[in-house]
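One structure is given here, and the rest of the page talks about it.
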Amino acid sequence: VTDQISRIARRLDTHLSVEPGTGLRIEGVVAEELAAAYGTPLHVMSGTRLRENYRRIRDAFAARWEPGVNVYFAIKSNPALAVRRVLAQEGAGGDCLGVPELQASLTAGTRPERLVLNGNNKPDDAIELAVRCGARINVDDLDEIGRVASIARAAGRVVPVGIRTKPERGALEGRPSEMMALSVGAYAEKSKWGLEPGDAVAAVRAIQACPELRPAGVHYHLGRHLAEPEMFAGMAPGLAALLARIDAETGWMPRSLTLGGGFTQGRDPFFRNPGDGGAWPRVSDSFVAPIEQFAGAVCDGLREALAALGLPLPVLGLEPGRYITASAGVTLTEVGTVKRGSDRTWVMVDACGTHLGLSRSPRDAHAVIAVADTAAAEVVCDVVGPLCVIDVIMEQAPLPAVARGDLLAVLDTGAYADGEASNANSIGRPAVVLVEGTRADLIRRRETFADVFARDTVPPHLAGAGAGSPWHEEEPAA
Ligand SMILES: Cc1ncc(COP(=O)(O)O)c(C=O)c1O
């Protein structure tokens, strides 16, 4: 069936195609049928694309790094249990923050020894769960070491403890971040995470002094500031110098080095708002170098920097979130009112910006396409959601002319959309469907009124009518 489809379809991406008459398919499933079955707005995740993305980033680095590469999926980018399950089947480890992300990863069947607990100011219950299940704990401050040791002692466990360090600032100095109005170096300095090199050495010594702890790797995470291979590669000399210093001052040479996440791909919806002078992303756009180029730059840079100091190559760790999930997600949304103003046309859809991750950064910009295979002429319009804030999903967007009842697809919504969505205007969050091949399964149901107000209670003393206030007749009836 899939072969027949691909012969007649216009392929937009590995998992997206448009078929004459039928319109958009996500893998082998017709988008219009999904919208009819599950309603809109609807997040659709492609399981095949998740697997492809995972394998591609793993293989890109593994092909260039002999000691091997471990991929810790950052569940924060998409916390749906079925998404985590797909990646557990692929063998992905996990980067977790706090009890909920650990618990979700375990529930979805991730092997506990492949989990790592990251984060600042870790609560005791998160440390306890990590210790009990056998996850690694990356300490973010010296004060954590004693806390982890006493929890490990009480549990009778020996705990692998990694050292989260500050990104190496020399390489980042003066590089403007795409994400915020400061340099990447200034951001690294300002941000709360990680230990300075001197404290990293002190942390290793403190870990070595505790029989309940064993040192287990060095970690940093810079984040998605610049989608450039050179930026990641530029960190190599500083990282090598840090490993050399730890080795020289503690006698422990870290066997693993984790580079965090921040890798992105293809249409890269993050921080691409055309308000900066660009154009709205199209399906065919590719803003970012292929991951193999990132892997080449990082691995070559690290190999050279470590060799220069006579150090062995550690196992590499990666913590990709958005690289794996973003392009696997599509959000289907239905057009309602099309309103014509004096200088623009608004296409009003049922998806809210807050459900697409647009509340996270108004500079995120996704490609939007019509679901139908349409030859309608393009019109420039503002695609807007229903919220009582401006809620612009796409401003001055060139789209085929659409009318009430038509469907649009917002691409690359798999990362940081549903996971960070809010209930603004008390609107429930969309359902999520997982597609693999020709099957589609509901993996998160739509939130109902009862879900949105599930935490609420009106205290009994408010049951009475109250004093009230006079109410004035406005327009007399009849
Ligand atoms: C420690 C850590 N690792 C990995 C990630 C995932 O980043 P991304 O989704 O940009 O790949 C994050 C994101 O905040 C993080 O804090």
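Whatever order the structure lists them in is the order used to number ligands and atoms, beginning at 1. Here the structure is a predicted model, which means the values were calculated and not measured.
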### Task
With heavy atoms under 4.0 Å as the rule, classify the contact between Ala74 and ligand 1 as side chain, backbone, both or neither.
side chain
### Task
Heavy-atom distances under 4.0 Å are what count here, so tell me which part of Arg164 touches ligand 1: side chain, backbone, both or neither.
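For Arg164, only side-chain atoms sit under 4.0 Å from ligand 1.
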### Task
Write down the atom of Ala152, the atom of Leu213, and the distance for their closest heavy-atom approach.
CB-CD2, 4.5 Å
### Message
Tell me every residue that passes ring-ring contact (aromatic ring centres under 6.0 Å, His included) with Phe270, counting only those two or more places apart in sequence or in another chain.
### Response
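None.
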### Tyr416 near ligand 1 by a heavy-atom separation under 4.0 Å
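Contact present.
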### Query
Are Gly262 and ligand 1 in contact, using a heavy-atom cut-off of under 4.0 Å?
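In this structure, Gly262 qualifies as a contact of ligand 1 - some heavy atom is under 4.0 Å.
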For [atom], which protein heavy atom lies nearest, and how many Å away is it?
atom: atom 5 (C) of ligand 1; result: His221 CE1, 3.5 Å
atom: atom 4 (C) of ligand 1; result: Glu319 O, 3.2 Å
atom: atom 10 (O) of ligand 1; result: Arg322 NE, 2.6 Å
atom: atom 14 (O) of ligand 1; result: Lys76 CD, 3.6 Å

Does a salt bridge link [X] with [Y], judged by any charged N lying under 4.0 Å from a carboxylate O?
X: Arg51; Y: Glu436; value: yes
X: Arg147; Y: Glu128; value: no
X: Lys76; Y: Asp95; value: yes

Using a strict 4.0 Å cut-off to heavy atoms of [X], name the atoms of ligand 1 that fall inside it.
X: Asp95; value: 2 (C), 3 (N), 4 (C), 5 (C)
X: Pro320; value: 11 (O)
X: Gly261; value: 4 (C), 7 (O), 11 (O)

Is there a donor-acceptor contact under 3.5 Å linking the side chains of [X] and [Y]?
X: Glu319; Y: Asn118; answer: yes
X: Ser327; Y: Gln265; answer: yes
X: Asn138; Y: Arg136; answer: yes

### Message
Would Ser77 count as being in polar contact with ligand 1, using the rule that some N or O on each side must be under 3.5 angstrom apart?
### Response
no
